Each structure stands twice: as C-alpha cells, then as structure tokens.
Asks: 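Once you've had a glance at the structure underneath, I'll fire off some questions.
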Amino acid sequence: MGSHKIRQMMKSERETAKRRFRRQRNKNYLAQPGIHDCIIVLDHLKPTYNIGKIFRSSEAFGCREIHLVGIDFFDPGPGMGAFKWVPAVFHTEFFACYTDLINKGYTPYLLEPGQGPPVMDTPLPKKSAFIFGHEEFGISFEPDLFPEIKRLTIPQYGKSQSLNVSVAASILLYEYVRQHGKNSV
C-alpha cells in the first residue's frame with residue numbers, strides 16, 4: 001500500500017474520531033463525578049488510543065474527573081463509552097489546570113521513572129491529582145516552576161523502564177483506590 005493511501009486512511013480515521021468525539025462530548029456535559037476524590041490530568045497526549053483507555057480505567061475506578069490540557073479532541077472509541085460517564089475539564093494551558101487543582105485543595109503528583117518514592121510506599125491524600133504527559137515528549141511544563149507538584153515512580157524491573165501511559169494511569173488509580181476505596185453501591 002502506498003504512502004498516499006495510508007495518509008488518506010489516517011485522515012479518514014481522524015475524521016471518524018472527531019465525529020465520535022462530538023457526539024459523545026454532548027453526553028459528557030451530563031457526566032457526574034466519580035465516588036473517589038482523585039483526578040487524572042492528561043497533558044498534551046496524542047488524540048488516539050490512550051485517552052479513551054484512561055477514561056475507561058477512570059470510570060472503572062470511580063475517578064472524580066479528568067482534566068485535559070492542550071487536547072481539543074480525542075477518539076473516545078477505545079474507552080467503550082466511558083467518556084459519557086467521567087466528567088472532562090478542558091484547559092488550553094497547564095497553568096490554568098494547576099491553579100484550579102491547587103485552589104480546590106488537590107495535591108498534584110507527577111509520575112516519572114526513577115524520580116520520587118514508589119507509589120505503593122506513599123500515603124496518597126484523599127484529594128490527589130495524577131499528571132501524565134505526552135507519550136513521546138513528556139510534560140509540557142517545567143515541573144520545578146510548580147512547587148506543589150510531588151513526584152512518584154512505579155518501580156520497574158525490566159530494561160525498558162517505560163510503561164504505556166494508560167497502563168501507568170491504571171496502576172496509579174488502583175493504588176489510590178487500594179488506599180481510599182469506597183464500596184460501590
């Protein structure tokens with residue numbers, strides 16, 4: 001298959017994802033916060049598979065809401081409908097998101113391999129916000145300019161020292177719920 005044909009297919013998939021997003025975005029306005037007081041922050045992630053999957057895990061673990069920084073749309077398909085159930089808050093810049101979280105009493109955490117204590121050895125406050133950066137380029141801001149941000153790591157024992165962002169989000173949500181879990185009704 002030629003590169004022109006591949007580009008056409010990718011453009012078609014992107015347009016389909018945008019239509020899916022617009023349809024589900026209207027339903028997202030009615031989404032109610034999850035039963036747990038944790039928030040996921042997605043900083044400039046690619047609009048393909050990971051965001052939808054993170055919505056799916058967030059819905060499963062009862063996450064309060066997801067903040068999307070610099071993300072205009074994403075493909076909600078991989079989330080299996082979870083975008084309709086987890087409130088989404090959109091920000092153009094990280095500073096606005098950070099200010100919102102701090103004003104609401106949240107402790108922001110940045111996940112970085114080898115930086116900070118292991119997540120399972122860290123008592124997480126009830127109002128925790130977990131920040132995840134772009135799959136290739138990481139976060140869009142200089143973390144040292146935001147003194148309230150704490151660092152965490154997920155211990156890894158293989159050579160790659162890298163986890164898919166949706167997998168890392170699921171691990172953090174699991175640990176948060178393990179520490180603060182409420183029984184579902």
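All residue numbers in this chain count up from 1 along the given sequence. Remember, predicted model here, so these are calculated numbers, not experimental data.
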Asks: When you compare the side chain of Pro76 with that of Phe74, does any pair of heavy atoms fall below 4.5 Å?
Replies: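 Yes, close enough: below the 4.5 Å cut-off.
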
Asks: Count the heavy atoms belonging to other residues, nucleotides or ligands that lie under 6.0 Å from CE of Met80, then report whether that count exceeds 12.
Replies: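 No - once you tally the heavy atoms of other residues, nucleotides and ligands closer than 6.0 Å, there are 12 at most.
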
Asks: Are Lys150 and Tyr109 in a cation-pi contact, defined as NZ or CZ under 6.0 Å from the six-membered ring centre and within 45° of the axis?
Replies: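 No, a cation-pi geometry is absent between Lys150 and Tyr109.
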
Asks: Which atom names give the shortest non-hydrogen contact between Phe61 and Ser170, and what distance separates them?
Replies: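 Minimum heavy-atom separation between Phe61 and Ser170: CE1-O, 4.0 Å.
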
Asks: Tell me whether Tyr174 at atom OH has more than 12 heavy atoms from other residues, nucleotides or ligands lying less than 6.0 Å away.
Replies: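 It does not: Tyr174 OH has 12 such atoms or fewer within range.
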
Asks: Answer yes or no: is there an ion pair linking Arg64 with Asp37, defined by an N-O contact shorter than 4.0 Å?
Replies: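 Salt bridge between Arg64 and Asp37, a charged N being under 4.0 Å from a carboxylate O: yes.
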
Asks: Is any side-chain N of the basic residue among Glu175 and Arg178 closer than 4.0 Å to the acidic one's carboxylate O?
Replies: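 Salt bridge flag = yes for Arg178 with Glu175.
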
Asks: Are any non-hydrogen side-chain atoms of Lys127 and Cys38 less than 4.5 angstrom apart?
Replies: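 No - every pair of side-chain heavy atoms lies 4.5 Å or more apart.
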
Asks: Does any N or O in the side chain of His36 come within less than 3.5 Å of the main-chain N or O of Leu173, such that one atom is a donor and the other an acceptor?
Replies: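 A pair under 3.5 Å: no.
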
Asks: What is the minimum heavy-atom distance between Leu124 and Tyr176, and which atoms define it?
Replies: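 Closest heavy-atom pair between Leu124 and Tyr176: CD1-CA, 3.9 Å.
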
Asks: Assess whether a salt bridge exists between Glu136 and Lys46, defined as any Lys/Arg side-chain N lying under 4.0 Å from an Asp/Glu carboxylate O.
Replies: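 Here Glu136 pairs with Lys46 in a salt bridge, since their nearest N and O are under 4.0 Å apart.
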
Asks: With distance as the sole test, does Asn28 use its side chain to make a donor-acceptor pair with the main-chain N or O of Phe83 at under 3.5 Å?
Replies: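 It does hold such a pair.
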
Asks: Taking the side chain as C-beta and beyond, is there a heavy-atom pair between Asp75 and Arg14 under 4.5 Å?
Replies: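 Of all side-chain heavy-atom pairs linking Arg14 with Asp75, none is under 4.5 Å.
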
Asks: Is there side-chain contact between Val89 and Ile66, with heavy atoms separated by less than 4.5 Å?
Replies: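 SC-SC contact between Val89 and Ile66 ruled out.
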
Asks: Are the side chain of Gln179 and the backbone of Thr122 linked by a donor-acceptor contact shorter than 3.5 Å?
Replies: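 Checked: pair present.
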
Asks: Taking C-beta and beyond as the side chain, do Val69 and Ile131 meet within less than 4.5 Å on heavy atoms?
Replies: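 Not touching, per the 4.5 Å side-chain cut-off.
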
Asks: Regarding Glu112 and Arg151, does a basic nitrogen lie under 4.0 Å from an acidic carboxylate oxygen?
Replies: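 Looking at Arg151 together with Glu112, the answer is yes, because their closest N to O distance falls below 4.0 Å.
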
Asks: Do any N or O atoms from the side chain of Ser128 and from the backbone of Pro125 form a donor-acceptor pair under 3.5 angstrom?
Replies: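 Yes, because the side chain of Ser128 sits within donor-acceptor range (under 3.5 Å) of the backbone of Pro125.
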
Asks: Please report the shortest heavy-atom distance between Glu59 and Ala82, naming the atom on each side.
Replies: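 Reported closest heavy-atom pair: CB-CB, 3.8 Å.
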
Asks: Considering residues at least two apart in sequence or located in another chain, which fulfil the side-chain hydrogen bond (donor to acceptor under 3.5 Å, both in side chains) criterion with Arg22?
Replies: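 Partners of Arg22 under the side-chain hydrogen bond (donor to acceptor under 3.5 Å, both in side chains) test: none.
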
Asks: What are the two closest heavy atoms between Leu110 and Pro143, and how far apart are they?
Replies: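 Minimum heavy-atom contact is CD2-CB, 3.9 Å.
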
Asks: If you apply the rule ring pair (Phe, Tyr, Trp, His ring centres under 6.0 Å), what do you find for Phe141 with Tyr98, and how did you get there?
Replies: CA-CA 11 Å; Phe141 58 92; Tyr98 175 81; 8.1 Å; no

Asks: May I ask you to test the His67-Ile39 pair for a side-chain heavy-atom distance under 4.5 Å?
Replies: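 Sidechains of Ile39 and His67: in contact.
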
